[in-house]
Amino acid sequence: MAGTAPSSSAPRMRPHRWFAELGWRHLVGVVAVVYAVFPIVYVISASLSQGGTLTGSNRLFATLDPANYEALGGTLFWTWLANSLQIAIATGVGTVLMGAAAAYAFSRFRFTGRRGGLTALLIVQMFPQMLAFVAIFLLLISLGNVVPALGLNSKLALIAVYLGGALGVNTFLMYGFFNTVPRELDEAAKIDGATHAQTYWTIILRLVTPILAVVALLSFIATFGEFIIARMVLQSERSWTVAVGLYGWVSALLEANWGLFTAGAVIAALPVLLLFLFLQKYIVGGLTAGSVKG
Amino acid sequence: MPTHPTLADDATDPGGTTDGPPGTAPPPRSGGRPRRDREPVRPGLLAKIALMAVVNALGVFGVLAAWREGHVGILVSMLVLVLAADWVYFSRRTLPLKYVLPGLAFLLVYQVYVVGYTGWVAFTNYGDGHNSTQADAVSALLMQNERRVEGSATYPLTVVERGGELGFAIVEDGEARVGTAEQPMAVEDGATVDDGRVTQVPGATVLERQEVLARQSEVTDLRVALSDDPNDGSVRTQDARTGFVSVPSLTWDPDAETMTDVTTGTVYHATSDGWFESDDGQRLAVGWRVMVGLDNFRTAFGDERYAGPFVKILLWTFAFAILSVVTTFLLGLFLAITFNDTRLRGRRIYRTLLIFPYAIPGFLAALLWSGLLNRSYGFVNQVLLGGAAIPWLTDPWLAKASVLGVNLWLGFPYMFLICTGALQSLPGDVLEAAKVDGAGALRTWRSVTLPLLLVSTAPLLISSFAFNFNNFTLIYMLTNGGPRFADASVPLGHTDILISMVYSVSGLDGTAAKNYGLASALSIVVFVIVATISAITFKKTKQFEEIN
């Protein structure tokens with residue numbers, strides 16, 4: 001990792017000058033990496049420790065015992081993980097489909113109410129949906145009386161709530177990106193006899209794949225870690241998400257459940273971490289797209 | 001690391017422009033162009049019709065269900081949504097709406113409506129004791145305050161089950177009567193009475209002794225109203241064989257809106273704030289929902305139980321959000337500058353490792369740190385500080401510092417990423433011009449680089465501020481708002497931010513009495529703060545002008 005041989009990087013520089021220009025950067029880098037990675041190293045070590053208490057986890061890699069991971073099988077952890085994945089994937093896909101369609105309409109068509117619509121979206125996104133959780137709770141109680149699948153304790157209802165926030169947050173990110181796709185392509189397709197729908201599904205969507213991936217991933221991560229609404233909506237233990245379930249372990253009995261928690265945390269973090277590292281290039285681009293272009 | 005240019009390159013990648021076979025991605029929505037007569041039916045059209053059939057079927061189901069439950073609001077909304085969907089997808093003049101409608105529908109229901117509803121609830125006393133209408137409160141009170149009438153009639157009783165609900169069948173004056181918790185007793189002509197006891201009821205099953213024993217508590221809890229008038233009382237049973245009548249110890253006079261206690265004779269009047277109150281100030285336990293105007297806002301700012309904590313929490317929320325942005329930005333910027341030298345070996349590895357905290361879900365990180373910072377057993381105290389018992393999460397000031405420290409760990413990679421991106425997209429000619437003009441490295445940095453950097457990252461810093469302003473997960477998982485205010489009677493603490501205060505006050509976590517009204521009022525206050533800040537920012541960064 002940080003052990004790139006420093007002397008070989010600039011063989012002609014004098015040591016004194018090398019340190020002033022490059023060496024200190026390595027020093028900072030090593031310190032920063034230790035700071036960034038240490039808790040992750042600790043959690044891996046703790047998950048492999050024997051006994052699974054908080055105290056017993058303090059000696060890094062003293063033991064390498066998979067007992068904590070095996071013990072997860074006796075809990076509802078895997079059910080929670082499956083719930084989280086289902087909810088986050090469905091929300092991610094839904095967010096992309098809805099956001100992309102809306103961004104396409106705003107980017108390509110000129111219609112009455114377009115400007116007003118965009119401004120309204122900009123205003124709506126100022127209101128964090130999360131803050132309205134009391135009203136969401138009350139809404140789901142009423143909806144549940146009519147259609148139980150849309151009421152409390154339903155994963156479908158939770159997904160629907162998350163999708164409610166999909167348009168406001170993501171349309172602008174996508175809208176800016178759709179604008180960078182040259183309109184000449186649409187026109188060429190039109191001349192070739194393609195309908196709007198064909199142009200959209202077979203041409204435009206393929207050109208904007210990077211932003212779709214970014215939005216899907218950011219939505220997935222946000223949903224995966226969402227707690228306040230998930231805890232309120234999902235009431236029976238079987239339908240909990242990982243966030244709600246692991247919180248329960250740690251808040252109930254920190255000492256006794258620590259091993260289980262750390263093992264669960266490693267597994268829960270792994271898919272997101274891998275996805276993130278794999279798609280790093282796109283995500284960084286997506287994050288900065290807003291800053292570089294409006 | 002390539003940032004924005006990568007996206008642009010990918011976007012113009014010709015690989016995606018080649019026309020795929022039309023059938024590979026069947027468009028679910030058909031375009032709005034007039035179709036020529038000889039054109040064959042496309043799969044897209046079929047898909048659209050199938051989808052719309054499903055939407056209509058679900059819509060009709062929803063409308064019928066709402067009708068059955070008598071819920072007018074939901075019925076009308078569902079009807080409007082289904083009709084709008086049909087109009088949009090079968091008309092030729094609604095092309096843009098075809099693309100916007102699905103997202104718009106969810107947005108209207110789950111964001112616009114709930115924000116509006118929050119506004120409405122903020123002006124009511126909705127919460128524990130005030131959950132429903134006055135009529136519901138009356139029947140709840142009559143049911144809760146019951147007494148068995150001394151020497152009253154007893155009935156031979158049979159436990160039955162109808163439509164999944166338990167009910168009682170009794171014989172009164174030789175006639176069989178059947179009722180459930182939902183439906184008052186009614187004469188049942190088709191029932192068979194044998195030896196003075198009901199033995200068969202059409203459309204219902206008579207429970208065997210065994211089944212009754214298995215559901216004993218349900219049976220003894222069950223009360224079946226004797227008639228539509230709640231003052232008549234209800235039938236209950238102890239042994240599942242004889243029923244007795246209990247009548248409410250309160251009587252309800254709908255004209256005078258008073259409740260009278262039969263035993264003591266105390267009269268309780270309905271008050272305008274949703275309680276039944278006697279002349280000497282005693283209240284009955286159940287009230288109902290009324291509009292209370294600005295009372296909730298007055299409580300938030302004026303009631304000493306809330307006002308004191310509210311001001312402290314408001315200040316801390318601002319401090320937390322601002323300091324979080326500043327610390328993460330400074331560290332992220334410093335690291336971005338550090339690794340922005342192209343001669344540096346291993347830049348890619350450093351960067352990848354530094355992103356790690358950002359890729360860990362926030363709730364996991366907060367829970368992990370709560371263990372690391374544990375006073376007695378945590379790694380920080382035990383190993384790094386050699387057994388010192390520093391109260392990281394239980395001392396007011398240390399807890400605040402810990403919250404900021406953990407948020408720094410969580411947030412600096414994001415700032416590092418965006419600063420790296422912004423640094424790399426700085427226009428080279430401007431920097432060159434500065435060099436030509438004779439500016440030194442420091443001067444260039446201060447007068448050219450930093451201003452340009454701030455311009456491009458400002459919107460992201462603001463959204464980061466807004467995010468941290470409502471960073472519920474971090475606070476709740478790390479300190480749960482603690483340590484508690486020593487002098488407060490409400491469950492609030494030194495590290496609570498507004499959103500976690502709203503959560504505690506709402507009572508949805510079960511630690512306090514539910515007070516939806518006050519919680520919604522606090523939500524509105526937070527909305528106003530966040531919206532004001534965003535509006536100012538948007539104006540400053542001219543985002544509105546970019547919509548064209």
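Quick note on labels: first sequence line is chain A, next is B, and so on, each numbered from 1. Nothing here was measured: the structure is a model prediction, and the numbers come from that model.
Within the 4.5 Å cutoff, no side-chain heavy atoms of Leu367(B) are placed close to those of Trp249(A). Annotation: side chain of Thr118(B) is in contact with side chain of Ser520(B) (closest heavy-atom distance under 4.5 Å). Side-chain contact between Tyr350(B) and Val30(A): present, with at least one pair of heavy atoms (C-beta onward) separated by less than 4.5 Å. Residues Pro102(B) and Leu97(A) are not in side-chain contact: their nearest non-hydrogen atoms beyond the backbone lie 4.5 Å or more apart. Within the 4.5 Å cutoff, the side chain of Leu372(B) has heavy atoms near those of the Pro39(A) side chain. Arg351(B) has its side chain within reach of Phe416(B): a pair of non-hydrogen atoms, C-beta onward, lies under 4.5 Å apart. Between Val147(A) and Phe61(B) there is a side-chain heavy-atom pair separated by less than 4.5 Å.
By the 30° and 60° cut-offs, the orientation of the rings of Tyr358(B) relative to Tyr414(B) is tilted. The aromatic rings of Phe106(A) and Tyr175(A) stand perpendicular to each other, their planes meeting at an angle above 60°, with 30° marking the opposite boundary. Aromatic ring pairs are classed by plane angle as parallel below 30°, tilted from 30° to 60° and perpendicular above 60°; the pair Tyr247(A) and Phe227(A) is perpendicular. A parallel orientation is assigned to the rings of Phe472(B) and Tyr476(B), their planes being inclined by less than 30° (bins at 30° and 60°). Ring orientation note: the planes of Tyr99(B) and Tyr200(A) are nearly perpendicular, at an angle over 60° on the 30°/60° scale.
Leu508(B) touches chain A through its side chain: at least one heavy atom from C-beta onward sits under 4.5 Å away, while N, CA, C and O do not. Neither the backbone nor the side chain of Leu461(B) comes within contact range of chain A, judged by heavy atoms closer than 4.5 Å. Contacts of Ala166(A) with chain B are absent, with no heavy-atom separation under 4.5 Å from either backbone or side chain. Using a 4.5 Å cut-off between heavy atoms, Tyr42(A) touches chain B through its side chain atoms alone. Looking at Leu101(B), neither its backbone nor its side chain comes within 4.5 Å of chain A, counting heavy atoms on both sides. Proximity to chain A (any heavy atom under 4.5 Å) is shown, for Phe469(B), by neither the backbone nor the side chain. Contact annotation for Leu143(A): both backbone and side-chain heavy atoms come within less than 4.5 Å of a heavy atom of chain B. Heavy atoms of Val121(B) lying under 4.5 Å from chain A belong exclusively to its side chain. Contact of Leu344(B) with chain A is made through backbone and side chain together, with heavy-atom distances under 4.5 Å. If you measure heavy-atom distances from Ile221(A) to chain B, you find no contacts under 4.5 Å at all. Looking at Tyr113(B), only its side chain comes within 4.5 Å of chain A, counting heavy atoms on both sides. Heavy-atom distances place the side chain of Phe38(A), and not its backbone, under 4.5 Å from chain B. For Val502(B), the parts sitting under 4.5 Å from any heavy atom of chain A are the backbone and the side chain alike. Of the atoms belonging to Ala66(B), heavy atoms from both backbone and side chain fall under 4.5 Å from chain A. With a 4.5 Å cut-off on non-hydrogen atoms, Phe224(A) touches chain B through its backbone and its side chain both. Residue contact with chain B, scored on non-hydrogen atoms closer than 4.5 Å, involves the backbone and the side chain of Tyr35(A) alike. Looking at Leu205(A), neither its backbone nor its side chain comes within 4.5 Å of chain B, counting heavy atoms on both sides. Contacts between Leu121(A) and chain B at a heavy-atom distance below 4.5 Å involve the side chain alone, from C-beta outward. Neither the backbone nor the side chain of Trp120(B) comes within contact range of chain A; no heavy atoms are under 4.5 Å apart. Only the side chain of Leu335(B) comes within contact range of chain A, judged by heavy atoms closer than 4.5 Å. If you measure heavy-atom distances from Ser523(B) to chain A, the contacts under 4.5 Å come from both the backbone and the side chain.
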I would like to know whether Tyr503(B) and Met232(A) meet side chain to side chain contact (heavy atoms under 4.5 Å, CB included); could you show each step before the answer? CA-CA 10 Å; Tyr503(B) 191 67; Met232(A) 193 182 73; 5.6 Å; no
Evaluate side chain to side chain contact (heavy atoms under 4.5 Å, CB included) for Val28(A) paired with Phe334(B), printing each intermediate quantity in order. CA-CA 10 Å; Val28(A) 171; Phe334(B) 172 66; 3.7 Å; yes
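The greatest number of non-hydrogen atom pairs below 4.5 Å with chain B, out of Val146(A), Asn145(A), Val272(A), is found for Val146(A). Residue with the most contacts toward chain A among Ile337(B), Leu64(B), Asp341(B): Asp341(B) (heavy-atom pairs, distance under 4.5 Å). When Tyr516(B), Phe527(B), Phe356(B) are compared by the number of non-hydrogen pairs under 4.5 Å with chain A, Phe527(B) comes out ahead. The choice from Gly264(A), Ala105(A), Ala268(A) that makes the most heavy-atom pairs within less than 4.5 Å of chain B is Ala105(A). Ranked by heavy-atom pairs shorter than 4.5 Å toward chain A, the options Val115(B), Val383(B), Asn470(B) are led by Asn470(B). Among Ala46(A), Ala265(A), Ala188(A), the residue making the largest number of heavy-atom pairs under 4.5 Å with chain B is Ala265(A). Contact tally against chain A (heavy-atom pairs below 4.5 Å) for Ile499(B), Thr473(B), Val100(B): the top residue is Ile499(B). No other option in Ala65(B), Pro357(B), Pro96(B) has as many heavy-atom pairs under 4.5 Å with chain A as Pro96(B). Chain B forms the most heavy-atom pairs under 4.5 Å with one residue out of Ala132(A), Ala135(A), Gly225(A), and that residue is Ala135(A). Comparing Ala36(A), Gly165(A), Ala222(A), Ala32(A) by heavy-atom pairs within less than 4.5 Å of chain B, the highest count is held by Ala36(A). For the set Ala243(A), Ala269(A), Ala102(A), the entry with the most heavy-atom pairs within less than 4.5 Å of chain B is Ala243(A).
Between Phe363(B) and Met477(B), the closest heavy-atom pair is CB-CE, 3.6 Å.
Legend: residues meeting salt bridge (Lys or Arg N to Asp or Glu O under 4.0 Å) with Arg108(A), ordered by chain and number and at least two apart, are Asp186(A).
The local environment of OH in Tyr117(B) is crowded, with over 12 non-hydrogen atoms from other residues, nucleotides or ligands closer than 6.0 Å.
Distance OG/Ser107(A) to CZ/Arg114(A): 7.5 Å, rounded to 0.5 Å.
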